[in-house]
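Order of the sequence lines sets the chain letters (A, B, ...), proteins ahead of strands, with each chain counted from 1. It should be emphasised that the depicted structure is a prediction, and the values quoted were computed from it without experimental measurement.
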Number of protein chains: 2
Amino acid sequence: MKYSASKEDYLKAIYHLQEGQSVVTTNALAAALQAKPASITDMLKKLKKEKLLNYERYKGFRLNNEGKKVAVHIIRKHRLWEYFLVNKLQFGWDEVHEIAEELEHLSSKKLVDQLDAFLEYPATDPHGDPIPDSQGRFIQERQVSLLDYPLNKMAKVSGVASQTKEMLDLLQHKNIQIGTRLEVKRKFPFDNSLELKIRNQPTITVSELVAKNVMVKDE
Amino acid sequence: MKYSASKEDYLKAIYHLQEGQSVVTTNALAAALQAKPASITDMLKKLKKEKLLNYERYKGFRLNNEGKKVAVHIIRKHRLWEYFLVNKLQFGWDEVHEIAEELEHLSSKKLVDQLDAFLEYPATDPHGDPIPDSQGRFIQERQVSLLDYPLNKMAKVSGVASQTKEMLDLLQHKNIQIGTRLEVKRKFPFDNSLELKIRNQPTITVSELVAKNVMVKDE
DNA sequence: ATTTATTTTTAGATTTGCCTAAAAATATAT
DNA sequence: ATATATTTTTAGGCAAATCTAAAAATAAAT
């Protein structure tokens with residue numbers, strides 16, 4: 001089945017939005033796609049008719065398995081192309097997103113798989129996000145607590161174990177969020193506090209309790 | 001300026017059609033694009049309004065310099081991507097056209113130029129057609145192997161790479177000599193053999209080895 | 001030089017994805 | 001619980017690119 005670029009954008013955006021929430025709302029999707037809510041409703045009807053998501057009016061919506069499958073394949077393409085742009089065409093990791101937004105809509109399945117082989121099956125894109133394989137499987141890298149992470153190795157924040165408001169407040173204040181890339185520069189055995197370095201920012205300190213609850217992956 | 005994929009297809013098709021003819025006709029373009037003549041007329045009006053071609057109703061049309069510039073840039077993209085697909089992603093030269101039809105519509109100028117650099121500025125695509133540089137200039141007139149020469153384009157034999165007696169015998173037998181004008185009518189991917197047509201003579205077949213050693217220039 | 005055939009254009013519809021403005025459903029607050 | 005605010009949907013339109021069918025212009029043929 002071939003989907004329009006626009007439909008693919010909807011599927012991808014819904015996929016990302018539904019990670020957290022139990023249902024996605026019209027307004028949230030409208031904000032994510034920079035479109036008007038009325039346009040969202042229009043498209044939802046079409047996607048429902050194509051059996052890509054569950055949707056009942058006024059009740060929110062969610063991709064079904066088929067919709068997820070399509071979304072994951074688009075994400076695969078996006079991330080592979082980003083990897084290609086950075087590692088073969090010398091683009092900076094901060095300038096590839098827009099171009100990959102175009103490339104992800106190419107339809108040839110063989111193209112993607114040959115590209116994957118040419119790149120030697122990379123596990124993550126230049127931002128550290130995992131690249132699903134041709135079956136749509138994410139190879140889960142295990143996430144570890146920042147407390148156990150080695151010194152001077154680039155890590156990417158992948159989650160927060162204790163999601164209290166106080167914790168999130170504190171992390172926000174320290175400029176740490178999901179996806180933030182950082183390195184542990186020093187560990188103080190006295191209180192198990194850590195010094196962290198985030199690109200373009202002054203070194204910061206976090207307590208043992210915070211470090212224990214920040215989950216990271218290799219970058 | 002950003003043009004729709006459809007407009008780009010029109011410009012490219014007109015560019016190729018006007019190579020021979022003095023003006024291009026509505027019907028010819030309709031056949032080339034597999035569309036109805038009425039659709040052609042509609043689009044011609046739009047392209048004229050955008051000052052990309054000269055067109056007066058019932059009188060045929062032709063790209064102006066601006067239109068040619070756009071068309072050449074699309075051709076550049078098409079041929080660079082074909083080169084990439086064959087030489088980096090291991091596609092066969094006979095299966096890349098369709099994919100390149102999609103890739104040629106990507107809009108990033110930097111992407112094309114970085115790709116060009118990554119490929120080390122190839123002069124011709126896998127079918128032997130010249131790749132214009134980033135200024136839209138064709139670096140023309142080099143002699144190339146008959147094996148790489150495009151289909152249905154008049155070539156003039158300019159040399160023979162391997163001048164063994166056996167080779168020259170064979171060429172003489174097939175009536176091929178320096179200066180002979182011929183066209184490649186067909187390429188067989190199975191063994192890379194070619195069918196050639198020389199004016200006033202029946203079609204002949206040559207092997208990959210022979211074709212590789214016969215050098216030709218545009219005629 | 002008319003008639004006939006062909007080519008090209010116009011006129012009006014269709015589809016897709018988007019929009020605005022107004023109505024309907026749901027959520028919030030007093 | 002009722003009024004108010006927010007969210008979501010409907011209704012109706014617009015622009016792009018296509019189509020069909022009919023009309024107009026040009027070309028070909030007797």
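- Taken to the nearest 0.5 Å, the CE atom of A/Met43 stands 5.0 Å off from the OG atom of A/Ser4.
- Put simply, B/Thr25 has no side-chain N or O that comes within less than 4.0 Å of OP1 or OP2 on C/dT7.
- Among the nucleotides D/dT18, C/dA11, C/dC18, the one closest to any side-chain atom of B/Ala38 is C/dA11.
- At a threshold of 4.0 angstrom between heavy atoms, the contacts of A/Ser39 include nucleobase atoms, whether or not backbone atoms are also involved.
- Phosphate proximity of C/dG17 to A/Lys46: present, with a side-chain N or O under 4.0 Å from OP1 or OP2.
- In terms of position along DNA chain C, the nucleotide closest to A/Gln34 lies nearer the 5' end than the nucleotide closest to the other residue of the pair A/Arg57 and A/Gln34.
- When distances are taken from the side chain of A/Tyr58 to each of C/dA25, C/dT9, D/dC19, the shortest belongs to C/dA25.
- Residue contacts shown for A/Phe61 are absent, as no nucleic acid heavy atom lies under 4.0 Å away.
- No salt bridge links A/Asp42 with A/Lys46; every basic N to acidic carboxylate O contact stays at or beyond 4.0 Å.
- A pairwise comparison of heavy atoms in A/Leu63 and A/Gln18 identifies N-OE1, 2.8 Å as the closest pair.
- Rounded to whole Å, the distance from CD1 on A/Ile40 to C1' on C/dT16 is 15 Å.
- Closest to the A/Lys36 side chain, of the nucleotides D/dC19, C/dT20, C/dT9, is C/dT20.
- At a cut-off of 3.5 Å, with distance as the only test, no side-chain donor of A/Asn64 or A/Lys51 sits close to an acceptor on the other residue.
- The nearest whole Å value for the distance from the NZ atom in A/Lys49 to the P atom in C/dG17 is 11 Å.
- In this structure, B/Phe84 and A/Phe118 have perpendicular ring planes: the angle between them is above 60°, well past the 30° mark.
- Residue B/Asn27 contributes atom CG, which lies 12 Å from atom C1' of C/dT9 at whole-angstrom precision.
- Side-chain atoms of A/Glu208 do not come within 3.5 Å of backbone N or O of A/Ser193 as any donor-acceptor pair.
- Following rounding to the nearest Å, B/Lys45 (NZ) and C/dT10 (P) show an atom-to-atom distance of 4 Å.
- Closest approach to the B/Asp42 side chain among C/dC19, D/dT18, D/dT9 is made by D/dT18 (side chain taken as heavy atoms from C-beta onward).
- Taking only side-chain nitrogens and oxygens, A/Ser4 never comes nearer than 4.0 Å to OP1 or OP2 of C/dT16.
- Counting any heavy atom pair closer than 4.0 Å across all strands shown, A/Tyr10 reaches sugar-phosphate atoms only and no base atom.
- Atom-to-atom, CD of B/Glu56 to P of C/dT8 comes out at 15 Å; the value is rounded to the nearest Å.
- Considering only the side chain of B/Met43, D/dA17 comes nearest among D/dA17, D/dT7, C/dT9.
- Distances shown here put a side-chain N or O of B/Tyr55 below 4.0 Å from the OP1 or OP2 atom of C/dT9.
- Among the heavy atoms of the strands, none lies under 4.0 Å from B/Lys59.
- Atom NE2 of A/His105 is separated from atom P of C/dG17 by 12 Å (rounded to the nearest Å).
- As judged by a 4.0 angstrom heavy-atom cut-off over every strand, A/Ser6 is placed among residues touching the sugar-phosphate backbone only.
- With D/dA17, C/dT16, D/dT9 as the choices, the nucleotide that has an atom nearest any side-chain atom of A/Thr26 turns out to be D/dT9.
- Between the CG atom of B/Leu44 and the C1' atom of C/dT10 there is a distance of 14 Å, rounded to whole Å.
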